[in-house]
Structures are given as structure tokens and as C-alpha cells.
Number of protein chains: 2
Amino acid sequence: MRRLKIEVCEDQLIHRDVVHQVKDKMLSYDAIFDLSTFFQVFSDETRLRILEALLVSELCVCDIASLLSMSQSSISHQLRTLRELSLVKPRKEGKVVYYSLMDDHIKKILDLGLEHVMEDENEKER
Amino acid sequence: MRRLKIEVCEDQLIHRDVVHQVKDKMLSYDAIFDLSTFFQVFSDETRLRILEALLVSELCVCDIASLLSMSQSSISHQLRTLRELSLVKPRKEGKVVYYSLMDDHIKKILDLGLEHVMEDENEKER
DNA sequence: CCTATATATGAATAATTATTCATATATAGA
DNA sequence: TCTATATATGAATAATTATTCATATATAGG
């Protein structure tokens, strides 16, 4: 996001009516912000792989790091992000912290995304 | 993504069996990459607002710029991104280029995201 | 209490990316 | 053909972010 400087097609829009009609149906800035934040979580390969893994089973930080062949620090940072966005929850058992998914909304989202991606794959083949 | 330097919890994972089991069910790197690329589209507020607007009606570049109070250049760049990822399609009519959504998968994705975001909102209120 | 290990986290860095600016291309109308 | 306008796009810039490195915290076991 950057500084704002409006420059609107020679100061007049072409289809005034339609634009006004659309404007009325738009989400609030807050909703859009939350939505973009939510989707951003799924835009990172590491986070996607973490979520995907947790879809199968609860795992500790160490397990995830090992599974993804990544550093413990990196995984911890990403888990923090996921935690802060209420997508995963920790369960402490001694030194070990186990993470699991907060709800199964996540599976729905991933599946829908995958569905779309697969369609694109098929179209490329034709 | 950065250079890779593995560091795996003192070189041994804690729950070897579970990790192996999870590993078998993981998506390919390609699929994960495509998935992250797909979700990344929805992680930007401007793109979300463009998609949301096109959900209501087909619009030309100029209309979108006006609607979002953003520069024509900025919108064109984002439309290019959306076009390249097959989320919108252009229709040229003289000088004017009208954009519309490629399919209605997009509505499903947005709705699902919104559903999740709204739930979070409600939880905060309690 | 001391050591080893699991996890968390702040700061720095490298990479990515959204917007701006300048400019190019395309088309309609005079 | 000349001009005005709609759109596209390359390069530069500013902001964001994923990972690393160093280190802190917490806990189990001796």
C-alpha cells in the first residue's frame, strides 16, 4: 500500500450508472482488509505445507521442521503467524508444543483452491 | 523463498512414525506452488476489490479506476495479473476494454473467506 | 542446581511486490 | 492525417515479508 494520488480517466468515468450501482454493493474497507489478510496466510508455500500436514495429524514444531526440511526458527515464526490469525492452536506437553488446526474451514478453503488449480492444469493440457 | 540450510531439531525428529505417515499424504511441490500463487491473488486489497466489483457487473478499466479511486495504471497492472492467472477476461469494444470474471469459482472462494472472517469478528465480540 | 533440548523471538537481510511515473499503443472522430 | 482518449507496460521506488542468525525462555532429567 502506498500514498494515494487519484487520477481518474480524464476526471470522468464512462459508465456512471453501473459504477454507482456496483459501489453500493461493495464490502467495507475493514472487511476487505480482513479478507486480504486471511487469504495472505494461504499465499505462502511454507504455511500451506504446514496447514496441509496438520490436516493429517497434530504435530510438534520439531516434527514439522523435519517434515519440511526447514529450520526450527522458520517454522516457529510461521506458526506464530498462523496462531495469531487463529488458524492453529498449540498444546503444550512438557518441552514439546503440539500444533493442530483450529477448525475445518481450512480444509474447505484448501480444497476449493485445489479444485481451481486442478481445473487450470486440465485446461493447459487441452 | 531463500537459500536452504537444514537444521532439524538436533538431527532427529520426535515422532518418526507420524511424520512419515503425513509425508505420504502431502501434495507435490508443484501443486503447493500453484496453490500459493492462486491464493496470493486474493491477498491484495486492490485485487479483491476489483474481483468483488466484477462480481456485480462487467466493467471497463476506467470504471474500475474511478470506482476504487485509484490510478488507471495501477488498475491495468492488477488486471494484467488477474488476466494472466485466468481469473478475468477482457472484451474489447473500440478503445474501451471491458473486464469480467472467468468463472464463478471466484464467488465461492470469496464467500468462504468472508465466512471465516465474519466468524472471527463474532468471536472477538464475545 | 546444572545441563540438554524444544520452542520462541528480535533484528538483519534478501527477495518480492504494489504503485507511480513516463511513455507506448490503439482506436475513434474531426 | 491529426488529435484526443483508453489502455498497456517497462523501470524505479517504497513497502512488505520469509528466512537466518543469535539468543532467550521453559522444562525435563540427572
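Protein chains get the first letters and strands the later ones, always in sequence-line order, with residue 1 at the start of each. Keep in mind it's a predicted model, so treat the numbers as computed, not measured.
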Distance, rounded to the nearest Å, where [X] contributes [atom1] and [N] contributes [atom2]:
{"X": "A:K95", "N": "C:dT5", "atom1": "NZ", "atom2": "P", "value": "7 Å"}
{"X": "A:I75", "N": "D:dC21", "atom1": "CD1", "atom2": "C1'", "value": "16 Å"}
{"X": "A:F33", "N": "D:dT16", "atom1": "CZ", "atom2": "P", "value": "10 Å"}
{"X": "A:D44", "N": "D:dT19", "atom1": "CG", "atom2": "P", "value": "5 Å"}
{"X": "B:Q40", "N": "C:dA15", "atom1": "CD", "atom2": "P", "value": "17 Å"}
{"X": "B:L48", "N": "C:dA18", "atom1": "CG", "atom2": "P", "value": "12 Å"}
{"X": "A:Q72", "N": "C:dG10", "atom1": "CD", "atom2": "P", "value": "14 Å"}
{"X": "B:L68", "N": "C:dA18", "atom1": "CG", "atom2": "C1'", "value": "14 Å"}

Problem - Residue-phosphate contact under 4.0 Å: A:Y99 side-chain N/O, C:dA6 OP1/OP2 - result: no
Exercise for the section: Check whether any side-chain nitrogen or oxygen of A:T46 sits under 4.0 Å from OP1 or OP2 of D:dT19, and answer yes or no. Expected result: yes
Exercise for the section: Answer yes when A:E84 and A:R80 have at least one side-chain N-carboxylate O distance shorter than 4.0 Å, and no when they do not. Expected result: yes
Practice task
Counting Watson-Crick and G-U wobble pairs only, both distances under 3.5 Å, name the nucleotide matched with C:dA22, or none.
Solution key: D:dT9
Problem - Pair B:Y98 and A:H15, ring centroids less than 6.0 Å apart - result: yes
Completion exercise
Assign each of A:G94 and B:R80 the nucleotide of DNA chain D bearing its closest heavy atom; nearer the 5' end lies the nucleotide of B:R80
Exercise for the section: Determine the contact category for A:Y98: base if any of its heavy atoms lies under 4.0 Å from a base atom, sugar-phosphate if only primed atoms, P, OP1 or OP2 are that close, otherwise nothing. Expected result: nothing
Practice task
Please state whether the base of D:dT9 and the side chain of B:S73 form at least one donor-acceptor pair under 3.5 Å?
Solution key: yes
Handout entry: Base D:dT20 paired with A:H77 side chain (donor-acceptor, <3.5 Å)
Key = yes
Completion exercise
The single option from A:L87, A:L54, A:I106 that satisfies side-chain contact (heavy atoms from CB on, under 4.5 Å) with A:L82 is A:L87
Please tell me which of the listed nucleotides, [options], lies nearest to the side chain of [X]?
{"X": "B:K92", "options": "C:dA8, C:dT27, D:dT27", "value": "C:dT27"}
{"X": "B:S71", "options": "D:dA8, C:dT20, C:dA8", "value": "C:dT20"}
{"X": "B:R83", "options": "C:dA8, D:dT7, D:dA8", "value": "D:dA8"}
{"X": "B:R47", "options": "D:dA18, C:dA18, C:dT19", "value": "C:dA18"}

Practice task
First locate atom CG of B:L101, then atom CD1 of B:I50, and finally report the distance between them rounded to the nearest 0.5 Å.
Solution key: 11.0 Å
Exercise for the section: In sequence, state the C-alpha distance, the side-chain angles, and the governing distance for B:L114 and A:F38, and then conclude on side chain to side chain contact (heavy atoms under 4.5 Å, CB included). Expected result: CA-CA 9 Å; B:L114 218 52; A:F38 175 68; over 6 Å; no
